Amino acid sequence: MSIISVLNPKGGSGKTTISTNLARSLHEQGHSVLIVDSDPQGSARDWHAASEENPIELVALDRPNNIKTLTSMATNYDYVVIDGAAKLEDMIAACIKVSDFVLIPVQPSPYDIWAASDLVEFIKARQEVTDGSPRAGFVISRVVEGTRLGNDVRAALDDYALPVCDTTIVQRQVYPQTASEGLSVFDADNTKARAETTALSDEILVMLA
Ligand code: ADP
Ligand code: MG
């Protein structure tokens, strides 16, 4: 069992969108997956409740102590995907501790990237005492199609010295559309969205290996 946390204290960076679609992508590849909603706002819970056909199991754990139990409670899943909370330091720290991989979605703006600095420091401090666990990487999220990412964005990410996924997640209507039905891009007719989501999950599995 591997635990992947999708973390960024900044709201709107795409954590819930990426968590739900990533979980579904792993499920499509034949893995058993549990989504953990660690955000008291409960967006992933609302998403899960919106469909009776959702094949992914979800549990809500919004106390740091409950997150700790995942390492012993979720051993029969191949992957646990934690949808991160905003601004709750204890919660984020608990997620970092149990994770094998932390995915940090950031919108392509220097302000959003700078806002990730405390999180990156947290992760690096943990890596130092554990010999490199959890591994971590950025994914640039909500990119406007057809735009080239500015050098400022790449340069700001370079400063953190963490890997950046080659895959970017583009701003597409299909993400909120499928979310409102409790579904994922794998339930919609949008080849590009499915392809980028699959590419992202493949990249994460390589980084986890
Ligand atoms: P977070 O969980 O980090 O707060 P969300 O996943 O809830 O972020 O995304 C914030 C808002 O942006 C939501 O309304 C969501 O539907 C929308 N959104 C996120 N990612 C995309 C995307 N790739 N394309 C279009 N809309 C998106
Ligand atoms: Mg969210």
Side-chain angles (χ1 to χ4, degrees), residues 4-25 34-51 54 56 58-63 67 80-89 91-92 94-96 99 101-109 111-120 122-123 136-147 149 153 164-201 203-204:
I4 302 165
S5 284
V6 183
L7 300 181
N8 187 334
K10 192 141 181 161
S13 55
K15 294 182 290 296
T16 303
T17 301
I18 288 176
S19 300
T20 52
N21 284 287
L22 170 64
R24 184 60 193 278
S25 176
L34 175 70
I35 298 193
V36 176
D37 187 351
S38 76
D39 188 348
Q41 264 188 5
S43 304
R45 264 164 271 186
D46 293 340
W47 165 81
H48 198 256
S51 170
N54 195 320
I56 313 278
L58 177 142
V59 65
L61 298 178
D62 48 21
R63 296 265 194 287
I67 294 289
V80 174
V81 176
I82 305 181
D83 179 21
K87 289 191 184 125
L88 295 173
E89 285 200 0
M91 200 62 197
I92 290 172
C95 292
I96 290 172
S99 292
F101 190 83
V102 177
L103 181 68
I104 312 168
V106 282
Q107 294 188 75
S109 141
Y111 303 121
D112 288 65
I113 292 165
W114 293 328
S117 72
D118 287 352
L119 174 61
V120 171
F122 239 34
I123 293 169
F138 288 102
V139 57
I140 306 175
S141 152
R142 309 186 64 184
V143 174
V144 174
E145 184 144 54
T147 53
L149 291 173
V153 168
V164 181
C165 293
D166 289 331
T167 310
T168 57
I169 299 296
V170 169
Q171 180 78 15
R172 302 181 194 278
Q173 259 316 103
V174 68
Y175 288 104
Q177 245 159 29
T178 50
S180 68
E181 299 165 59
L183 300 171
S184 74
V185 292
F186 294 94
D187 306 295
D189 191 17
N190 186 317
T191 326
K192 286 180 177 175
R194 278 203 302 271
E196 71 194 7
T197 302
T198 305
L200 177 64
S201 70
E203 273 195 72
I204 292 168

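Quick note: residue numbers are just sequence positions, from 1. Atoms within a ligand are numbered from 1 in the order they appear, just like the ligands themselves. These numbers were taken from a predicted model, which means no experiment stands behind them.
Shown here, atom 18 (N) of ligand 1 is in close reach of the protein: a heavy atom of it lies under 4.0 Å off.
A distance-only check finds no donor-acceptor pair linking the side chain of Arg24 to the backbone of Leu183 [under 3.5 Å].
For atom 8 (O) of ligand 1, the closest non-hydrogen atom on the protein side is Gly14 N, 3.1 Å. From the protein, the heavy atom lying nearest to atom 10 (C) of ligand 1 is Gly12 CA, 3.6 Å. Closest to atom 16 (O) of ligand 1, if we only count protein heavy atoms, is Pro176 CB, 3.6 Å.
Contact annotation: Ser43 has no heavy atom less than 4.0 Å from any atom of ligand 1. Using a 4.0 angstrom heavy-atom cutoff, Gly11 counts as in contact with ligand 1.
The nearest non-hydrogen atom to atom 11 (C) of ligand 1, considering only Lys15, Arg172, Gln177, Arg142, comes from Arg142. Of the listed options Val174, Val170, Thr17, Val170 places a heavy atom closest to atom 23 (N) of ligand 1.
A donor and an acceptor atom, one from each side chain of Asp187 and Ser184, are located under 3.5 Å apart.
Both the backbone and the side chain of Thr16 come within contact range of ligand 1, each with a heavy atom under 4.0 Å.
Environment of CD in Gln41: sparse, with no more than 12 heavy atoms of neighbouring residues, nucleotides or ligands closer than 6.0 Å.
Only protein atoms were considered; those of element N, O or S under 2.8 Å from the Mg ion (ligand 2) number 1.
Shown are Thr20, Thr16, Thr197, Asn21; of these, the side-chain hydrogen bond (donor to acceptor under 3.5 Å, both in side chains) with Tyr175 is made only by Thr197.
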